There are 2 protein chains.
Amino acid sequence: MIRKPPSPHRPRALAPIPRVAGLDYDVLDELLGYSLRRAQVALFLAFHEATRGMEITPPRFTALVVIGANPDISQSTLGEVLGIARSGAMLLTDWMVARGLVERRRRPDDRRAWGLHLTRRGERFVARMKRRVRAADARRAAALNARELRELLRLLAKLAG
Amino acid sequence: MIRKPPSPHRPRALAPIPRVAGLDYDVLDELLGYSLRRAQVALFLAFHEATRGMEITPPRFTALVVIGANPDISQSTLGEVLGIARSGAMLLTDWMVARGLVERRRRPDDRRAWGLHLTRRGERFVARMKRRVRAADARRAAALNARELRELLRLLAKLAG
DNA sequence: TATTGTTATACTCTATAACTATA
DNA sequence: TATAGTTATAGAGTATAACAATA
């Protein structure tokens with residue numbers, strides 16, 4: 001059995017969750033968790049399309065935005081923001097450094113920790129990504145009017161809190 | 001370097017996404033996608049707690065509910081509902097069968113496909129899970145009043161559509 | 001030819017645990 | 001002792017590709 005080698009960089013496919021015609025969804029349609037999941041997948045697909053070819057994922061986007069807005073943040077704090085372990089934050093940082101988007105600077109006061117900073121290239125990259133992601137997010141949000149969108153954000157914040 | 005062997009069944013940890021004090025979240029707080037993600041993680045944690053010790057995950061829960069409400073469904077259709085590949089639907093089905101929750105029945109009309117059915121044990125298991133998940137979902141939803149909850153579900157459906 | 005299920009394999013993300021250097 | 005970063009390793013989840021049986 002001979003198999004083609006898979007392409008080296010396969011982006012996570014994550015299909016949309018289709019509403020299968022004629023299927024009984026039973027309790028799922030009453031669960032907030034399931035409704036949130038469906039909406040989130042829709043937003044993720046918009047994100048994915050907006051960043052096509054940039055090798056970006058939501059955690060990478062979040063990391064770059066957070067570093068941009070909080071220069072000199074440590075890897076541990078970055079992991080905390082993302083809700084991942086330190087080891088994962090390190091691999092993520094390695095990725096950003098390898099692409100020349102971020103640099104690690106030694107802290108004079110605490111030589112255990114790195115301070116993370118966007119490079120010039122990183123700044124430009126983040127600015128471009130932000131524009132695209134914002135636009136994609138807004139296009140999806142256009143299914144709602146301004147009042148509805150404000151209300152939705154308010155209710156989501158209450159839920160997450 | 002001697003390492004302890006990890007426990008055989010390690011449940012996915014998925015930490016809550018903490019709001020780190022004093023951190024600038026920049027554009028993230030304006031993005032619907034990020035707000036949805038935070039709310040969804042909160043709901044997932046409630047789900048996880050409600051099903052502790054049952055080895056259940058959201059896809060497994062969805063699969064069992066869907067099979068219960070749509071007996072004789074095929075593995076391919078199940079995969080479609082979940083948004084995963086056929087091969088994944090098969091592994092998921094193997095898991096349910098191995099635990100005696102589901103059985104595969106040959107279809108007289110199409111001998112390629114299996115029809116999936118809950119066993120007696122599966123029926124009881126799903127009923128118990130549904131009660132727990134519903135209760136956990138409702139506890140989280142209690143952060144909202146009845147009108148807000150209805151409105152939220154409506155807006156989420158609009159977004160996902 | 002097309003579809004269902006299957007097998008084999010690979011890859012991403014993330015975890016835990018132990019190690020190192022600093023504090 | 002405690003913490004930041006690092007390294008090594010493991011596992012869950014899901015993908016693609018090829019195959020056999022059936023339509």
Side-chain angles (χ1 to χ4, degrees), chain A residues 1-17 37 41 44 48 55-63 72-97 102 104-116, chain B residues 1-17 37 41 44 48 55-63 72-97 102 104-116:
Chain A
M1 208 193 295
I2 297 157
R3 288 188 176 77
K4 272 193 202 163
S7 55
H9 186 77
R10 191 173 12 172
R12 178 166 172 65
L14 188 49
I17 306 187
R37 165 91 182 131
V41 168
F44 172 78
H48 187 250
E55 289 190 14
I56 277 297
T57 60
R60 287 175 183 171
F61 175 75
T62 302
D72 213 46
I73 189 175
S74 72
Q75 284 181 194
S76 291
T77 304
L78 181 62
E80 199 189 335
V81 176
L82 294 166
I84 62 175
R86 272 179 325 198
S87 56
M90 199 226 149
L91 295 174
L92 181 54
T93 304
D94 281 349
W95 181 86
M96 296 184 288
V97 169
V102 164
R104 292 177 165 107
R105 295 197 199 144
R106 270 284 167 229
R107 285 181 176 170
D109 54 309
D110 185 343
R111 294 174 41 75
R112 290 173 303 181
W114 298 108
L116 303 180
Chain B
M1 208 194 295
I2 297 158
R3 286 187 177 78
K4 273 193 201 164
S7 55
H9 187 76
R10 191 173 13 175
R12 178 168 173 62
L14 188 49
I17 308 186
R37 166 93 181 127
V41 168
F44 172 78
H48 187 251
E55 288 190 16
I56 278 298
T57 60
R60 287 175 182 171
F61 175 76
T62 302
D72 214 46
I73 190 175
S74 72
Q75 284 181 196
S76 290
T77 304
L78 181 62
E80 200 188 335
V81 175
L82 295 166
I84 62 175
R86 273 181 323 204
S87 56
M90 198 222 149
L91 295 175
L92 180 54
T93 303
D94 281 351
W95 181 87
M96 297 184 286
V97 170
V102 163
R104 292 177 164 107
R105 295 197 198 146
R106 271 284 167 227
R107 285 180 177 172
D109 55 310
D110 185 343
R111 294 173 42 74
R112 290 173 304 183
W114 298 109
L116 303 180

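Just so we're clear, the structure is a prediction, and the values are computed from it rather than from any experiment.
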Within the structure, does a side-chain N or O atom of A:W95 lie under 4.0 Å from either OP1 or OP2 of C:dT12? no
Atom pair distance, as rounded to whole Å: [atom1] in [X] and [atom2] in [N]:
X	N	atom1	atom2	result
B:W114	D:dA20	CH2	P	18 Å
B:I56	D:dG13	CD1	C1'	15 Å
A:L91	C:dC11	CG	P	16 Å
A:D94	D:dT7	CG	C1'	11 Å
A:E80	C:dA15	CD	P	13 Å
A:I84	D:dG5	CD1	C1'	14 Å
B:Q75	D:dT14	CD	C1'	16 Å
A:L78	C:dC13	CG	P	15 Å

My understanding is that only residues two or more places apart in sequence, or in another chain, count here; which of them pass side chain to side chain donor-acceptor pair (under 3.5 Å) with [X]?
X	value
B:S87	none
A:R105	A:E103, A:H117
A:S74	A:T77
B:T57	none

Enumerate the protein-to-nucleotides 1-3 of chain C contacts in which both atoms are nitrogen or oxygen and the separation is below 3.5 Å.
from	atom 1	to	atom 2	distance (Å)
C:dT3	O4'	B:R112	NH1	3.2
C:dT3	O2	B:R112	NH1	2.9

Would you classify B:A85 as touching base, sugar-phosphate or nothing, given that sugar-phosphate means primed atoms plus P, OP1 and OP2, and contacts are heavy atoms under 4.0 Å? base
Contact class for B:R104 (heavy atom, under 4.0 Å): base, sugar-phosphate, or nothing?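 Touches sugar-phosphate only.
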Nearest heavy-atom neighbours spanning B:A89 and B:Q75: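 Scanning both residues completely, I find the closest heavy atoms to be CB-O, 3.5 Å.
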Report the residues that fulfil side-chain contact (heavy atoms from CB on, under 4.5 Å) with A:D94, sequence neighbours left out, ordered by chain and then residue number.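 Checked A:D94 against side-chain contact (heavy atoms from CB on, under 4.5 Å); matches are A:M90, A:L91, A:R104.
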Between A:R111 and B:M90, just flag the one whose closest nucleotide in DNA chain C comes earlier from the 5' side.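 Closest to the 5' end, via its nearest nucleotide, is B:M90.
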Taking N and O atoms by type only, does the side chain of A:S87 place a donor or acceptor under 3.5 Å from a partner on the base of C:dT16?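 Indeed, a donor on one side and an acceptor on the other fall under 3.5 Å apart.
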A:R107, CZ: over 12 other non-hydrogen atoms inside 6.0 angstrom: yes
